[in-house]
Amino acid sequence: MDFQDIQDKWKKRWAEEKLFEANPDSREKFFLNAPYPYVNGYLHIGHLYTYMRTEAFARYKRLQGFNVLYPQGWHCTGSPIEGAAMRIREKEEKQWEMMRKSGFSDDDIKKFEKPEYWTEYFPKVSRQDYTDMGFSIDWRREFITTSLNPYYDKFIRWQFRKLKEKGYVDIGSHPVVWDPKTNMPVGDHDRTEGEGETPQEFTLIKHTLPDQRKLLSATLRQDTILGITNVYAKPGFEYTIAKSGDEEWILSNASIKRLQQQGKDLEIIGSISGNELIGQKVKVFGGRRVLVLPATFIDVEKGTGIVHSVPSDSPDDLITLRELQKDEAVCKKYNLDFDEVKDIQPIPVLNTEGLSNIPAADLLEKYKITSQQQSQKLEEAKKELYKLSFYSSTFNDLYKEGFSKNLSGKKAADFKDFIRDELIEQGHAALYYELTGKVITRSLTEAIVKLVENQWFMKYGDEDWKKQVHACLDKMKLYPQDASREQFEYVIDWLKDWACTREVGLGTQLPWEEEWVIESLSDSTIYMAYYTFAHLITDVPIDNVNDELFDYILLGKGSKPDVPNIDRMREEFEYWYPFDVRNSGKDLVQNHLTFTLFNHVAIFPEDKWPKGFGTNGWITVDGEKMSKSRGNMIMLKEMPTKFGVDAARLTVLSGGEGVDDPNWNSDFAQALNNKFESLATLAAVNYNKGRDSREEVDAWAESKLNHIIQNCTTAMEETLFRTGSQLAFFELTSAIKWYLRRTNNNPNKEIINRMIESQLIMMVPFTPFLCDEVWETLGKKPFISTEKWPQADESRIDSELDQKEQVVETVMQDIYAVKKILKEKEMTKVTLFTAPEWKYQLVKEARKSGSRNIGEVLKQLSQNSEFNEHTKELPKLVPRILKTGEISSLPAKREREALDGAIAFLEKEFSAEIKVIDAEDSDHPKANNGLPGKPSILAE
RNA sequence: GCGGGGAUGCCGGAGUGGUCAAACGGGCCAGGCUUAGGACCUGGUAGCUUAGCGCUUACGUGGGUUCGAGUCCUACUCCCCGCACCA
């Protein structure tokens, strides 16, 4: 069997017959899809798993009789392609090296200088990959995103106008990590250093000097603002004075720069030494005047270089203050009144559960901190306190006044934002952002925080919207088996407003402000609807493609536009939508899949809301995490020659199921092709062979087959493809083999045919090429894809038959063991003991009680004098007996008779004497061994 | 840190209170069939031992519930995904 030939042959014939082109008809439809891949490289094994799940499900549903729509598009929206193209233009070594590694010549690479080339090249090769892998996609509906596709572009514009009309798009400002060189936001993947670092929002608090200039401190804990007892400045450090409006601010030069980058209008007008500030009194929020004290611990690279001190709720502040209050020399050095410093007392502001009203003091004691040098312990104490306050702290009576609301008794965490906003409004504070750590971009510049003004948002934080999304999720089916429901519920609640526009990148312009481009995740939320008419809309002159058209097709609104295909487009949408399943990796639950729900709920009526999502884990390759650096990425284009398509498909789906990470096992893939061959042989040799009469084992074979079909169907319905393939391939194969062995290769013709046919059909989702080929060899009419999934006849399933068959197998094994004894040990007398009488009695008793509660049964039985001496064995025996039921009557005499021939043969062959007797008839100690159904063997 | 999902033999993985030394595969070992085999068939693959039985340990770690725990409870350790404006 040449798998290469088979692949080519069927690929071609499927295409010729347009087997997977789906059109509306009278059948029930099933629409499934997967996120379009971003086309900045070749598809690899990671894609294969996610898409294979969709593909296998599509094939399964087709066999189930559904009219299946499975389309595929390509994602070009966003900045990675543009960024990569730019790096190629700039001859960046890393980028060129990557392209060379992908197998491009230097001349080829040059073509990738243009972003457009990426969107032509990779969709083309990716489509080839999919086709080679045997994917049953309707390619007429293929498309790319962005303005490069004017039809899709108009669709996205329609989508955004709709969202805006409904009030789901809003404008505001937003901090982002920014590369000042390329003038672009820097996502995690665009960094050479500082992954995971984000902008952190601080509140700048103003403290007024007697001369009205302001000292600015940066804080995360504006909720404790009424507890400020003093302010720290760093001795010897030169602060900068800058003009902000009509105020003069004193802070570090570095922080001024950052504020300017964040759009703050600041003009530097001078400088002032820290020593000059120390000893002055500043007016803090609330009107009190407090001292400026010296602190050498201040890191002037962070914050403003000025720190305000809340010793009640900050262990750092408290320990610093305490040490200073003991250090007369330092106070003298800075001309401070030592008594005044000693008089400073923490001001309680928060009530924290389980702690005193000076929580910082409790923490210092708990961690036994006596000096600011114990920085690690301080860090831990700070963290613990922060956590405690976040969950339980409430404001004390000080907070009755000072704000527009009485905050006394309220949870501090709930009103942090409120306080921040009021302080800013009243001119006591300003916003300030700082990165949580250093970030170096791929262009090797240090990133900054930029405050993007007039940023458009999707209002995913909207509570009413969330409610509707929850309602949508409640009705959805999640594959497999609800595995990700918890996560979805959580994400819906957690999601905040999402910036949906960008300054650069490929995509669609925001219809009402064309200087913005719609961000990539935001434009890919309802495009599954576009598949339903993607192949028809291209006949419409582009000028006639407008909002009225989309209103009509997608919402049935307005009068019918006079354009080609209009009725068909409307019909296709109505027929196919909503989609039934969308499958993706588990990483997209947190954004894309949930966005999809939000957008559908916003735009479509309830009967067009998504019906199902599937999610899966991340593939590992031979037990190792897949990564470029490990070099263990297997590209899709290598699959057909390296492993064979069917082997690759089956392997990737056998690796695991559920949200766990599946594993690609190369050895397994290699071993498969031989197995395929023997499957083909097994089918060809045994199809239409055998007898018409019925025998005892036939009932078993039928039961077994129906049982496998039943289980396999259940698994496939839940996208448990690993289980499904296991049953259809391995388990059914071994059942067929056993059946043939038991019938001496003379099976019932009807049954063996049904076994073979069922196996081939159930294997179609996994190995379509093999199946079509063997199907044809059997003289069947192509294509197997148009056949019907086997139906399990439940009336034929009888688990007792299976148990009996198992006993036959056991007895055969015993015979085998006997043979071995005779042959190797040259013994001549063999006795097979079946289980002793009391065990059978025990079965009867146990079953009589009819209880599934083993404890009860045990108690009853152990009271029975008959079983007293066997009490020790009871716990082991009883559950087994209760579960197996009928096994007490075995080994079946009938089955043993069937093996008499074998015994006779052995006796003759080895001149031996073989006896099968009941254990109770023997005094031999070994006769007591063995459970019902499993005789013990004695050889002499 | 927070949310979700995990941890089982040489390996991938079944198993959700009792037929469990662990399905089904892969790998490896032995035997058979063969000119030969990477093909196929049979058996083996925790430890001790046996012709067969049997016994002793085992399911991330430590406690607990139960006649009985991989399976339930509890604490801890480690791994994967996400934590945002990025595909």
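Keep in mind the model is a prediction, meaning the values are calculated, not measured. Order of the sequence lines sets the chain letters (A, B, ...), proteins ahead of strands, with each chain counted from 1.
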Dump the intermediate steps for side-chain contact (heavy atoms from CB on, under 4.5 Å) on A:K704 and A:I708, then the final yes or no.
CA-CA 6 Å; A:K704 187 82 187 171; A:I708 288 175; 4.3 Å; yes
Rounding to the closest angstrom, what is the interatomic distance between [N] and [M] at atom [atom1]?
N	M	atom1	answer
B:rC20	B:rG31	C1'	29 Å
B:rG54	B:rC2	P	50 Å
B:rU57	B:rA69	P	13 Å
B:rA14	B:rU8	C1'	10 Å
B:rG9	B:rA22	C1'	9 Å
B:rG37	B:rG25	C1'	23 Å
B:rG1	B:rA75	P	15 Å
B:rU71	B:rG64	P	14 Å

[N] [atom2] sits how many Å from [X] [atom1], rounded?
X	N	atom1	atom2	result
A:L593	B:rA84	CG	P	18 Å
A:L385	B:rG1	CG	C1'	16 Å
A:F457	B:rA84	CZ	P	14 Å
A:E489	B:rG3	CD	P	16 Å
A:F676	B:rA39	CZ	P	15 Å
A:F488	B:rC81	CZ	C1'	13 Å
A:N665	B:rC28	CG	P	12 Å
A:H174	B:rA84	NE2	P	10 Å

A:N591 (side chain) and B:rA87 (base): donor-acceptor pair under 3.5 Å:
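Yes.
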Strand partner of [N], provided both Watson-Crick or wobble distances fall under 3.5 Å:
N	value
B:rA7	B:rU77
B:rG1	B:rC83
B:rU45	B:rG27

Return the nearest nucleotide to the side chain of [X]; candidates are [options].
X	options	answer
A:Q487	B:rC81, B:rA87, B:rG4	B:rG4
A:A671	B:rG27, B:rG82, B:rG4	B:rG27
A:R502	B:rA87, B:rG3, B:rC24	B:rA87
A:F668	B:rC85, B:rC81, B:rG26	B:rG26
A:W498	B:rC80, B:rC86, B:rG3	B:rC86

Does [X] make a side-chain N or O approach to OP1 or OP2 of [N] shorter than 4.0 Å?
X	N	answer
A:N674	B:rA39	yes
A:K675	B:rG25	no
A:S484	B:rG4	no
A:S79	B:rA87	yes
A:R485	B:rG3	no

A:F3 and A:F643: aromatic ring centres closer than 6.0 Å?
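So the answer is no for these two rings.
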Would you confirm whether the ring centroid of A:F122 sits within less than 6.0 angstrom of the ring centroid of A:Y42?
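Yes.
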Inter-residue atom distance A:Q759.CD - A:L682.CG, 0.5 Å rounding
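The CD atom of A:Q759 sits 7.5 Å away from the CG atom of A:L682.
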Check the orientation of A:Y51 and A:H47. Use parallel for under 30°, tilted for 30 to 60°, and perpendicular for over 60°.
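Ring orientation of A:Y51 relative to A:H47: parallel.
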Whether A:Y460 and A:F598 hold their rings parallel, tilted or perpendicular, with breakpoints at 30° and 60°
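It falls in the tilted class, 30° to 60°.
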Syn or anti for B:rG62, taking syn as within 90° of 0?
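Glycosidic conformation of B:rG62: anti.
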Checking all strands, does A:S734 fall into the base, sugar-phosphate, or nothing category for heavy-atom contacts under 4.0 angstrom?
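Answer is nothing: A:S734 stays at 4.0 Å or more from every strand.
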Check the pair A:T620 / A:D661 against side chain to side chain donor-acceptor pair (under 3.5 Å), numbers first and verdict last.
CA-CA 7 Å; A:T620 54; A:D661 294 338; over 6 Å; no
